[in-house]
Amino acid sequence: MRQIAVMVGQRLALGLLTLLAISILIFGATELLPGDFAEAVLGQSATPETVAAIRRQLGLDQPFWVRYWAWLSGALQGDFGASLANPDRRVADMIGVRFGNTLFLAGYAAAMAVPLALGLGILAALWRNSVFDRGVNAGALTAISFPEFFVAYVLILWLGQSGWFPTMARVPAGVEMSERLWRTFLPALTLTLVVTAHMMRMTRAAIINLLASPYIEMARLKGVSPLGVITRHALPNAIAPIANVVAINMAYLITGVVVVEVVFVYPGLGQLIVDSVSRRDIAVVQAVALIFAAAYVLLNLAADVVSTLSNPRLLHPR
Amino acid sequence: MGVATLLAVMAGVVLGGAAAAWLFRAALVALSRGALRRSLRGAPLTACFGMLVIALYLGVAILAPLLAPYGERAVVTVQFAPWSADHWLGSDHLGRDMASRLIYGARNTVGIALATTALAFMVGTTLGLWAAVVGGWLDGALSRAVDVLMAIPSLIFALLLLTIFGTSILTLVLVIAAVDATRVYRIARAVAQGIVVMDYIEAARLRGEGGARLIFREVLPNAAAPLVAEFGLRFCFVFLAISALSFLGLGIQPPTADWGSMVRENATLITFGDVTPLLPAGAIALLTVAVNFVVDWQLHRASGLRE
């Protein structure tokens, strides 16, 4: 038990260190510009007064580390400063509700995608080289190759036009859960279709990889049914690679929401970052990028911990 | 459309594709000689279909001005004209010919994606092989830097950089190439690490070779096979990333004909049940599927994976 706590603690510390490096990178990227950001944003319309105003707001008259420290300590307390495009609005207020919406959409898609992918992967491994296996594999390879907006518009055309599901995923505050699930079904389904393929292929590969080991042959010889061999004997040892690929795809979901939110006009963080990029509102982009990156790092950390726990040998590195 | 007709159409498309792929393979086998012929004979139909599609796209991209009935940016008719004999696929939101823009899009979208992938590969491979050959502190420093860069989701990182540098085709190419070069670096370094411990590399070092000569003359030729397969995969990612950014209005800017932005500009038609805006998206999807099919075959061959 102590070893596990130490291991989790070490991974957490490493994750925090990574996050710190990422925050320096996200905040410091503006330093890459020749000249400074105020001139670059204003471009042709730069007058000495407007440049000075933006400089003051971004604190560009102060050294980098002072600005970075002010930004980081504010961010840790949930305060990301004021929006650059609209100085009356706080970035934290713009993010607030949208963050919850994005988490809801990603969670909804994950709840559909993970069981589907694991089920299909196990079945494909069970009936490998059958028509089912080949069909699912070719389908998965095709689905991986589709851009998200293609999948989204095909679904709109097919399910949305027939009136079964709304094509605009606007969610008014205070609607019931069932209503909310129904309204956001199409964006969630789009995300599900996009991430399922990769998870399913990896699940199948991880299980098939194990089927050649002697202990599986032993289980077969003693008369365990094919399904039993896979679920009782192969699956527990395949948890590590499967947990990894699930985490990678959850992390992918977080960035995948950007395009899907724009297609379905869903009020989430993805739409906010896209709007802010075209307005060059660096304060909002930095805040959202930091949130996405933190989620990404946390998910990878979780996968790391799960795969170490699933394999006791990894707890005792030589 | 009923489910039965939908299934019939899908079956027809699959059968048609398989037949075209079979014919294409027969033609390739007849035209080639030696080892190439033997490997082509064993190619699965999916890979042949992929090669056929890639060849078609290249043909369209190169011959675009000859094939397109109208100019890329010319406004030739009313807005959102329906399909007709004059305008095969109707017109877009400004009255430009949809079919012509689709054809020019092959040149612009695929060309920019190819250039970006090539740039990412040059930077990523050079740095990766360099790190593996030199080792030590250089390898450590480069690898830690890449680790941090890769801990940020690529689309988000690209969005951050586009905010700072603004949106133009040049910044788009540089930004995506920079983001993808980190992924190429990882692969190139991993491949090269298996190679630099070989005896012939040591012999080359003892001969006095070093630096660029060692990297490009000794290591690179032996790392080429996995890197070529990675190039195909990486092209798919870059192509999808550029299309997604263009779709979001942050990539290739109008009036250049580009598949991603064409979908966005004409998306309103979809709500009226018109499939025209899906054609550029489908063109993106088809090319990515084709490249993936070919890469899958090559990876399968290279790994000798047999169950």
Side-chain angles (χ1 to χ4, degrees), chain A residues 15 18-19 21-22 24-26 29-30 32-33 37 40-41 43 128-129 138 141-142 144-154 156-158 160-161 167 208 211-212 251-252 254-256 258-259 262-263 273-274 276-282 284-286 288-289 292-293 295-297 300, chain B residues 1 6 14 46 144-145 147-167 236 239-241 243-245 247-250 259-260 263-264 267 269-275 277-278 280-293 295-296 305 307:
Chain A
T18 315
L19 264 182
I22 289 175
I24 294 179
L25 193 69
I26 287 178
T30 48
L32 290 174
L33 270 183
F37 189 72
V41 167
R128 63 191 168 284
N129 296 331
L141 201 57
T142 315
I144 289 176
S145 321
F146 285 171
E148 288 104 343
F149 53 87
F150 180 67
V151 179
Y153 280 126
V154 167
I156 287 184
L157 201 65
W158 183 38
Q161 285 301 308
T167 54
I208 285 183
L211 289 183
Y252 180 79
I254 290 179
T255 53
V258 174
V259 172
V262 171
V263 174
I273 195 174
V274 170
S276 308
V277 172
S278 39
R279 280 198 301 251
R280 297 190 78 174
D281 190 340
I282 190 75
V284 179
V285 174
Q286 279 171 339
V288 178
F292 277 140
Y296 195 76
V297 169
N300 280 317
Chain B
M1 202 188 321
L6 193 72
V14 169
T46 47
R144 288 299 82 71
D147 279 350
V148 172
L149 288 176
M150 282 182 66
I152 305 177
S154 54
L155 182 63
I156 303 300
F157 194 41
L159 287 178
L160 178 77
L161 291 181
L162 286 176
T163 318
I164 294 169
F165 295 110
T167 44
C236 288
F239 187 50
L240 288 178
S243 308
L245 285 173
F247 172 76
L248 295 173
L250 307 170
W259 291 336
V263 178
R264 176 196 184 81
L269 279 183
I270 292 177
T271 42
F272 299 109
D274 189 338
V275 295
L278 281 181
I284 296 168
L286 185 61
L287 181 59
T288 348
V289 173
V291 175
N292 261 327
F293 277 156
V295 169
D296 211 42
L305 204 91
E307 279 163 25

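A, B, ... follow the sequence lines: proteins, then strands. Residue 1 opens every chain. Below, all heavy atoms of this structure are taken into account, side chains as well, without hydrogens, waters or symmetry copies.
When heavy atoms are compared at a cutoff of 4.5 Å, B:Phe239 does not approach chain A at all. Using a 4.5 Å cut-off between heavy atoms, B:Leu250 contacts chain A through its side chain alone, with no backbone atom that close. Contacts between A:Ile156 and chain B at a heavy-atom distance below 4.5 Å involve the side chain alone, from C-beta outward. Contacts of A:Ile26 with chain B are made by both backbone and side-chain atoms, with heavy-atom separations under 4.5 Å. Only the side chain of A:Tyr296 comes within contact range of chain B, with heavy atoms under 4.5 Å apart. For A:Val151, no part lies near chain B; criterion is any non-hydrogen pair under 4.5 Å. Only the side chain of A:Val262 comes within less than 4.5 Å of a heavy atom in chain B; its backbone stays farther off.
Ranked by heavy-atom pairs under 4.5 Å with chain A, the list B:Leu149, B:Leu278, B:Ile152 is led by B:Leu278. Ranked by non-hydrogen atom pairs under 4.5 Å with chain B, the options A:Ile22, A:Asn300, A:Val263, A:Val288 are led by A:Ile22. Options A:Pro147, A:Ala293, A:Ala29 differ in how many heavy-atom pairs under 4.5 Å they form with chain B, and the most are formed by A:Pro147. Ranked by heavy-atom pairs shorter than 4.5 Å toward chain A, the options B:Leu245, B:Leu155, B:Leu240 are led by B:Leu240. Ranked by heavy-atom pairs under 4.5 Å with chain A, the first of B:Val263, B:Thr46, B:Leu162 is B:Val263.
Residues B:Ala151 and A:Val297 share a closest heavy-atom pair of O-CG2, 4.1 Å.
Between A:Phe149 and B:Phe247, the angle of the ring planes stays under 30°, which puts this pair in the parallel group of the 30/60° scheme.
Proximity of a side-chain donor or acceptor of A:Arg128 to a complementary backbone N or O of A:Ile208 within less than 3.5 Å is not detected.
A:Gln286 contributes atom CD, which lies 10.5 Å from atom CG of A:Leu25 (distance to the nearest 0.5 angstrom). B:Leu248 CG to B:Thr167 OG1: the interatomic distance, rounded to the nearest 0.5 Å, is 12.0 Å.
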Review point. When you look at A:Val154 and A:Phe150, which way does the side chain to side chain contact (heavy atoms under 4.5 Å, CB included) test go after all the steps?
Key: CA-CA 6 Å; A:Val154 167; A:Phe150 180 67; 4.0 Å; yes
Less than 3.5 Å apart, which donor and acceptor atoms pair up between the side chains of residues 280-293 of chain B and the rest of the protein, not counting sequence neighbours?
unit_1, atom_1, unit_2, atom_2, d
B:Thr288, OG1, A:Ser145, O, 3.2
B:Thr288, OG1, B:Ile284, O, 2.5
B:Thr288, OG1, B:Ala285, O, 3.4
B:Asn292, ND2, A:Ser145, OG, 2.9

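Listed by chain and residue number, nothing satisfies the salt bridge (Lys or Arg N to Asp or Glu O under 4.0 Å) test with B:Asp274 (two or more places apart in sequence, or in another chain).
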